[in-house]
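Please read all numbers here as calculations on a predicted model, not as lab measurements.
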Number of protein chains: 2
Amino acid sequence: MTATLTKYHRLRNDVIRHLYYNKMLTLTDLSKLTHKSLPLVTGIVNDLVQDGYVVEHGLAPSTGGRRALTFLLNKEKQKFIVAVSVDQLITTVVIYDMLNNIQVEPAKIYLNLADEQTSMALFISFITGYIAKSGISEEQILGIGIGMPGVINAKLGVNHTFFKIKNEGNLKNYLSDALKFPVYIDNDSSLIALAELKFGEGRNMKDVMVVNIGWGIGLGMIINGDIFRGHSGYAGEFSHIPLSQSNKLCSCGKRGCLEVDTSLLVLVERAKAEIAAGISSRLEQLFLDDSKLPGEHFLIAARDGDPLAVSILSDAAFLIGKGLSTLIHILNPELIVLGGRGATAGKIFMAPIQHAINEFCIPRLADHTKISVSASAERSELLGAAILVVENCQFN
Amino acid sequence: MTATLTKYHRLRNDVIRHLYYNKMLTLTDLSKLTHKSLPLVTGIVNDLVQDGYVVEHGLAPSTGGRRALTFLLNKEKQKFIVAVSVDQLITTVVIYDMLNNIQVEPAKIYLNLADEQTSMALFISFITGYIAKSGISEEQILGIGIGMPGVINAKLGVNHTFFKIKNEGNLKNYLSDALKFPVYIDNDSSLIALAELKFGEGRNMKDVMVVNIGWGIGLGMIINGDIFRGHSGYAGEFSHIPLSQSNKLCSCGKRGCLEVDTSLLVLVERAKAEIAAGISSRLEQLFLDDSKLPGEHFLIAARDGDPLAVSILSDAAFLIGKGLSTLIHILNPELIVLGGRGATAGKIFMAPIQHAINEFCIPRLADHTKISVSASAERSELLGAAILVVENCQFN
DNA sequence: CACTACTTTTTAAATTATTTTTTAAGTATA
DNA sequence: TATACTTAAAAAATAATTTAAAAAGTAGTG
């Protein structure tokens, strides 16, 4: 009895998930998406309508024959998702509903991940406080999804790099206990890729690479329609393949890594050096303003066309393009998306990256991979964190 | 009726395939492997025993409870597979039975793929003649599997690079008509990888890279337990990522490609140049013997420890190792296998490749990828071609 | 060495899911 | 407006899976 119950519930959850991704679906659509028969799906959807989770929404446009009924998630009986993005310096939290609308305005805190001791306690009180202030009742919250840097085993819920728990402890369980909600964690770049796959440029594609341009450079890989992590979770160490002629030593102990020349922190350093050397730039003023991090100022200046910022960013973009060429040769992806905080500088990246790809790629290969800038760079890690919850939680 | 028949037959074929890969299995094993229930699998296996395809083979060793019956493919009621490997210069054919035994000794013909006109006719008559001479009856042959270089869409049966058929024609269909048997084609490197995955070093692994060291350098990729081809079939263009400082122009139009410094044809040229410059080597004699290609002589000399051949091969291996480092960073595979014709030179490759990986890889990553030399390098493309047939043919 | 407790396989019965068929609803065309 | 052609939904028939029970071994114990 319990086994059939869980199987029934698994399909029920699956139906809800497909409605979450696709907004409006017919029974035939759902049958195809879940690979289950129509009578079975019909039964499940009828139950969901009865329970108030799903509502009928009129007839689908004609496709030649009898018009089908469409179904939506019910706005009135809502569940909510807490989505958190943690990076080296800034932690952001937001609450979404199941229609991807922001339910509670995002909140931000400056939190240096390197301070292991203080940051964990601060993090927990920040999130707890935010949820409490939101006024949403406990039963309505499906869970908390957290994207963070580091080598992460999402299934086990372990982060091998940051927020380490004593004696091989499980971060996911630790946080679930502390926050009193189901917690799901995953790597930031993987979540950005997930967001692009489900709601962004990569919809309905199978092989998509998402470059996470942040304080460092990350790579989220979608292969065969799923997040790819490699054999031991280290896949996508894109920023440490030897590329540049640069002699600077990387934190990984090697020279010529992409990271050394393209991370936002490095670009800021370079801008400061240029300014110190006498180059004039709006940045000189902006850097004095402490309300934002220098990296944030840098991106704003670049977006606004400041020549120094644009020039530094272009050099970095060319190197990233060289790295992408290697990626294209090996994986022949359908799409490469430039995402992450840095992608808010948008189009500035495109020209030098294309330039590099033209120079380093076999044309036949370059022609088969589209490059684009994420349309929702700032939001996509949070969105990915929300998807993480929807993918893993239970709807009862 | 027909639909249930095909579904029944699909599972029947699946059972035969699993017995092909695993030799001996219990009903429980088969149920798990096919993801079908025990009663269903039991029924199918009983039918197969009745039809003579499968035979009982005593009890499995004890695992604590009642001992299970084991089943094997029936040696008496055999089907055979024609496996063909085509490379730029040499074409080989062999006939296997379903237990991976060679049924008819392999035959070899020198066939230059570049001569589009003559090679196709020669190829067809060579294969037809071989099958005729084998004396095996038509009904017993399941099909012909062919591995060849080029960008190949295995599903459609099109080779975009070699053996081109007029007006976008379908090579698979063309050859099926000409040879009067079902023909299946795939890329040589992918088939080598398939052989390693199913019968070689990569058994039960999910992420395996197989380097095909032949006249050129190819890469067969196994990702998530399946051959990976990328979005448009170009994945694994490993040999044209920019790596070496070399200034030689590659056929692809760029400089610094792996291919320029590591293909067997190039290594032979280099050996000849060294000999011309006065270096003494056994190769000088061997190259005079026309019964084998210079590349074949070169490999034999290297295997036998000729200093010149070993030194040239080591230089090439170091570069391949540098390329593999990139692969490890991006894909974090469980295993990298050195395969293909060149791998017959075996252990000579290992030291310089390890050296390169130590130099160019983050240790944490290098530690998680095993490197090994294929144990059956010369046979694996043929074996892969046989697997291709088993994967795609119908057993009735 | 027989007896008991525990495993695992095999068979059989009951439940659940999928296909197939039928009926209903809508569209396009003459 | 009538007819042929689609597609969707509901009902009946067929097939597959789960669950339970029986059978066949294994291993420990007095």
Side-chain angles (χ1 to χ4, degrees), chain A residues 1-19 22-51 53-72 396, chain B residues 1-19 22-51 53-72 396:
Chain A
M1 191 65 193
T2 44
T4 49
L5 206 73
T6 63
K7 195 162 180 180
Y8 172 84
H9 269 87
R10 194 156 33 218
L11 183 51
R12 209 177 136 103
N13 289 343
D14 236 39
V15 166
I16 294 176
R17 273 177 208 122
H18 284 296
L19 285 169
N22 298 96
K23 311 285 183 226
M24 187 192 294
L25 290 170
T26 68
L27 294 173
T28 316
D29 295 337
L30 279 167
S31 170
K32 278 178 190 152
L33 288 167
T34 56
H35 303 286
K36 292 285 155 185
S37 67
L38 256 169
L40 186 60
V41 169
T42 305
I44 298 241
V45 170
N46 286 341
D47 290 357
L48 285 170
V49 170
Q50 205 128 61
D51 297 354
Y53 273 96
V54 169
V55 287
E56 249 183 65
H57 187 254
L59 297 170
S62 167
T63 53
R66 175 173 172 176
R67 292 168 63 191
L69 279 171
T70 59
F71 295 88
L72 299 179
N396 328 295
Chain B
M1 190 63 194
T2 44
T4 50
L5 205 74
T6 62
K7 196 162 179 179
Y8 172 85
H9 268 87
R10 194 157 32 219
L11 183 50
R12 211 177 135 105
N13 288 343
D14 236 37
V15 166
I16 294 177
R17 274 179 208 120
H18 284 297
L19 286 169
N22 298 96
K23 311 285 183 229
M24 187 192 294
L25 290 170
T26 69
L27 292 174
T28 315
D29 295 337
L30 279 167
S31 170
K32 277 178 191 153
L33 288 167
T34 57
H35 302 285
K36 292 285 154 185
S37 69
L38 255 170
L40 185 59
V41 168
T42 306
I44 298 240
V45 171
N46 286 340
D47 290 356
L48 284 170
V49 170
Q50 203 128 61
D51 297 354
Y53 272 97
V54 169
V55 287
E56 248 182 67
H57 186 253
L59 297 171
S62 167
T63 54
R66 175 172 173 176
R67 292 171 62 191
L69 278 171
T70 59
F71 295 88
L72 299 179
N396 327 296

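Nearer the 5' end of DNA chain C, as judged by each residue's closest nucleotide, is the contact made by B:P39, out of A:K36 and B:P39. Taking for each of A:R67 and B:L38 the nucleotide of DNA chain C with the nearest heavy atom, the 5'-most of the two is the partner of B:L38.
Atom CD1 in A:I44 sits 9.5 Å away from atom CD1 in A:I16 (nearest 0.5 Å).
If you take CG of B:D29 and P of C:dT9, they are 8 Å apart, rounded to a whole angstrom. Between A:L59 atom CG and D:dT7 atom P the separation is 16 Å, expressed in whole Å. The distance from atom CG of A:L69 to atom C1' of D:dT7 is 13 Å, rounded to the nearest whole Å. The NE2 atom of B:H35 sits 17 Å away from the P atom of D:dA16 (whole-angstrom rounding). Counting to the nearest Å, the P atom of D:dA8 and the CG atom of A:L25 are 13 Å from each other. With rounding to whole Å, B:K32 atom NZ is found 7 Å from C:dT9 atom P. The distance between atom CG of A:D14 and atom P of C:dA17, rounded to the nearest whole Å, is 14 Å. With rounding to whole Å, B:I44 atom CD1 is found 13 Å from D:dA15 atom P.
Taking only side-chain atoms of B:S37, from C-beta outward, the nucleotide of D:dT18, C:dA17, D:dA8 with the closest atom is D:dT18.
Applying the 6.0 Å contact sphere to NE2 of B:H57 captures no more than 12 heavy atoms from other residues, nucleotides or ligands.
Residue-level contact check: B:T28 touches the backbone only, with heavy atoms under 4.0 Å from sugar-phosphate atoms and none from bases.
Between the side chains of A:Y53 and A:D47, not a single donor N or O lies within less than 3.5 Å of an accepting N or O.
Looking at A:D29 and A:K32, no side-chain N of the basic residue comes within less than 4.0 Å of a carboxylate O on the acidic one, giving no salt bridge.
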